[in-house]
Amino acid sequence: MMDNLRAASNNVVLKIILALIILSFILTGVGNYLVGGSGDYAAKVNGQEIGRAQLEQAVQNQRNRLQQQLGDQFSALAGSEGYMQQLRQESLSNLIDVTLLEQYSKKLGFTVSDQQIKDAIFVTPQFQTDGRFDNAKYLQSIQSMGYTADNFALLMKRQLISQQLEQAFGESDFILPAESKSLGELILQSRDVQTATLDTDALAAKQQVTDAELQAFYDQNKNSFISPEQVKISYIEMDAAAMQGKMDVTDADISAYYDQHKSEFGQPERRRYSVIVLKTQADADAVAAELAKGTDFAQLAKTKSTDALSAKQGGDLGWMEPETTLPEFKSANLTSKGQVSGVIKADSGFFILRLDDVTPEQVKPLADVRKTITDKLKQEKSLDAYYALQQKVSEAATNDNESLASAEQVAGTKAVHTDWFTQNQIPAGINFKPVVQAIFEGGLIGQDGSPGSNSDIITVDGDRAFVVRVDAHKAEGVKSFADVKDQVTALLKRQKAQDQARVDGEKLLTALKEGKGDDAMKAAGLSFGAVQKVQRSQQPSAFEENVYALPHPQKDQPVYGLSQDAKGNSVLVKLTGVTPGVVPEADVARFTQEMQQTSANVTFDALLTNLRQEAKIKYGSAAQNQ
């Protein structure tokens, strides 16, 4: 690969592209997306390391994307230790899958180089303007999707490998017309059923329970009547964003910032060049002579230039900023539009350059950026005030550890007092993992549940901080029988009702199968309802599964079964007909293609499962670090 890159670097247009790649990818991270950790590792897959840095970056990328997709809702998820651990495990699992696919694809001769990834990104229409790669559009697009450049490049690599493997497996999977027809009949099949429901609620109202039964049920199910740990707290919140609106910024502040940061409010000079690339001095001199006679530059570029990429565009290389302009171009010292250089010797041969256009450096006037500067200065001032307030409140809460009174005075606000709550029902205003941990695990509760000390400053995402005090505490314990007697009564009655419904249902089912169902149903006060058509849903319910488990009716004789509905009622089922599904003629081709794709996906998933089973995967300490 290095030899190929060295050869490519001798091409003048590829030099420019490589310069763009360096700025677009390496500086934004795409160039190092495969870099591992330093000594520490998350996992080894058949001896190949997945570095700590890779895992941490993958986790952060996933966090960023979820934050962008879910907004404020992500804060609640991020506060769950179990959820974040799951996210970390999924990120590592994805990296392991990528590594296994890469290793397997190499065995099959499938490879995806860094250049292929860059090429795939360059030709993506979403990242182009007027048919040319637009780095600003690229960065904006992937950021809007919640990806960093590193993460998106890794995603592209996985997609390219998966496409190669899926294509290989997809070409080997095919569905015969007869198979497609049979699958359609089965998948789209509908069943005609009638039902009769044994109402558990109605039966529960008729149940009788004794005190002895209630006590026994309570004793056997005490773990179902746990009273969780509860606390009442008071807290003071400090919010940098809320403070921002109270900050004053003077005109002098705004002008000074603008004068010191003008480079942030403009665009550097840009130049547009065209080039004719030639192999020898003689060829270059001949073309220079043609240009001197007035021959069109673009026409000569198309017919004489040895660089195929630029020749197709009449030599046009597009706009360049100083960072992406080759040294040979700068040394040509072209200053005015339309000016043509002499013959320039380069490592790759000779070329003649024309300056097509110049866009001078532009700086937005102060009026256009005044609001941006004002907001930035207010944010900076609010952060300064926020950290200063933290320090004062911390000192006050520490010096007066018997209450939050001193901290309230310094903060200029009254503490918020909550009602009783548990660890599973945190008030929204304090539902942040560090705050919850401080309350329930931070030693803020005194002996025998008495109020303890004030907390230290607790910082959370979003430039917010809290000081917390536990005002009252109730330890976890089993609720007394007296407190839950009504609940126990309802549960026991319903359990008895469900048992009775199941027994009654079985008796009725037996009678129906023996041909004695009419009298038995009449005696039970039940009858079958109107015919309803049942079809399998994407996630079949227990009722659907039971209906489809019944055998087909024979000679117009119904088939009977017993099921349960979503409310827990026992339901008698009368199956009277089965209608095979039919795929509309217009949808046959699409249906067959989807079945074939499903088959290929199953094969691909089985491959990945097999690769994992056969692989030697060793997890490092970095896999567990939070």
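Nothing here was measured: the structure is a model prediction, and the numbers come from that model. Below, all heavy atoms of this structure are taken into account, side chains as well, without hydrogens, waters or symmetry copies.
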**Prompt:** Looking at F122 versus F127, is the centre-to-centre ring distance below 6.0 Å?
**Reply:**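 No, ring centres 6.0 Å or more apart.
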
Do any pairs count as a salt bridge (charged side-chain N to carboxylate O under 4.0 Å, His left out) and have a residue in [range], sequence neighbours left out, and if so which ones?
range	value
residues 123-135	R132-D316
residues 398-413	none
residues 477-490	D211-K485

Under 3.5 Å: donor-acceptor pair, side chain of [X], backbone of [Y]:
X	Y	answer
S93	Q89	no
D463	L383	no
S255	A252	no

**Request:** Could you go through the side-chain hydrogen bond (donor to acceptor under 3.5 Å, both in side chains) check for K137 and T129 one step at a time?
**Result:** CA-CA 8 Å; K137 182 180 287 188; T129 300; 3.3 Å; yes

According to side chain to side chain contact (heavy atoms under 4.5 Å, CB included), who are the partners of [X], at least two apart in sequence or on a separate chain?
X	answer
T99	V45, Q48, I50, Q103
P322	P268
E395	Q391, N399

Is [X] salt-bridged to [Y], going by a charged N under 4.0 Å from an acidic O?
X	Y	result
D471	K232	no
D248	K381	no
K376	D253	no
R88	E56	yes

Would you list the atom pairs, donor with acceptor, under 3.5 Å between side chains in residues 418-426 and any protein atom, with sequence neighbours excluded?
unit_1 : atom_1 : unit_2 : atom_2 : d
T418   : OG1    : I233   : N      : 3.1
T418   : OG1    : I233   : O      : 3.4
T422   : OG1    : N424   : N      : 3.3
T422   : OG1    : Q425   : N      : 3.3

Is the closest side-chain heavy-atom distance between [X] and [Y] below 4.5 Å?
X	Y	answer
H473	Q230	no
L334	Y273	yes
L444	R469	no
V393	M238	yes
R464	T459	no
Y619	L92	yes
R271	M320	no
T372	D375	no

**Message:** Walk me through whether T325 and R270 qualify under side chain to side chain contact (heavy atoms under 4.5 Å, CB included).
**Reply:** CA-CA 9 Å; T325 302; R270 298 196 305 162; over 6 Å; no

In chain order, what residues pass the ring-ring contact (aromatic ring centres under 6.0 Å, His included) check against [X], with sequence neighbours excluded?
X	answer
H261	Y257
F265	Y258
Y387	none

**Message:** If you compare all heavy atoms of R612 against all heavy atoms of L100, which two are closest, and at what distance to 0.1 Å?
**Reply:**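 Closest pair (atom of R612, atom of L100, distance): CG-CD1, 3.5 Å.
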
**Message:** Checking L366 against I373 for the side chain to side chain contact (heavy atoms under 4.5 Å, CB included) test, could you report, in this order, the C-alpha distance in whole Å, the side-chain angles of both residues, the deciding distance, and whether it holds?
**Reply:** CA-CA 9 Å; L366 176 58; I373 295 175; 4.0 Å; yes

**Item:** Pairs touching residues 231-250 that satisfy ring-ring contact (aromatic ring centres under 6.0 Å, His included), sequence neighbours left out
**Value:**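 Qualifying pairs: Y235-F466.
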
**Item:** Partners passing side chain to side chain donor-acceptor pair (under 3.5 Å) against E90 (at least two apart in sequence or in another chain)
**Value:**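 Checked E90 against side chain to side chain donor-acceptor pair (under 3.5 Å); matches are Q86.
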
